[in-house]
Amino acid sequence: MTTVLPPSASTSQAPGVNVAPGCKICDGRPSLRLYEISTGGPRSLQRADAVAAEAGDGAHVHQSLPDDLYVVVRPGDRDDSEAGQP
C-alpha cells in the first residue's frame, strides 16, 4: 500500500505543489500534486491509493485535513539515485 497519512496536513506552496512536513517519504521536499479526491466519498482512500499505485515513481497519498481531501503526490527534486524508490 502506498498510503501515507502524515500527522500534519499537506500545505500548498504554489499551484500543484505541496509540502507535508510529517511525511517520511517526501522527507520535507516539495511534492507535485497529481490527483485529489474528497475524503467523504465511499472508498475514496482506496481510489486515491489506486491512482498513486498507477502513477508509480514514488507517488503516494497525503491527507489534507483543512481541505478534507486525499491528495496523490509525487516527491519532487529527487536525484537519479532515488528513481523508482518510494
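Counting heavy atoms from C-beta on, the side chains of R47 and Y35 come closer than 4.5 Å. At a threshold of 4.5 Å between non-hydrogen side-chain atoms, the residues P75 and H60 count as touching. Contact check for C26 versus H62: side-chain heavy atoms found under the 4.5 Å cut-off.
In this structure, Q63 CD and S44 OG are separated by 9.0 Å, a value rounded to the nearest 0.5 Å. Rounding to the nearest 0.5 angstrom, the gap separating the OG1 atom in T39 from the CG atom in L45 is 9.5 Å.
Panel note: side chain R33, backbone R74; no donor-acceptor pair is recorded below 3.5 Å.
Within 6.0 Å of atom CD in Q46, more than 12 heavy atoms from other residues, nucleotides or ligands are found, so the atom counts as buried in its surroundings.
Applying the side chain to side chain donor-acceptor pair (under 3.5 Å) test to S38 and every residue at least two apart in sequence or in another chain returns nothing.
When all heavy atoms of G58 and I25 are compared, the pair lying nearest together is O-CG2, 4.4 Å.
Checking each of I37, D49, L32, V51 against V72 for a side-chain contact (heavy atoms from CB on, under 4.5 Å) leaves exactly one that passes, namely V51.
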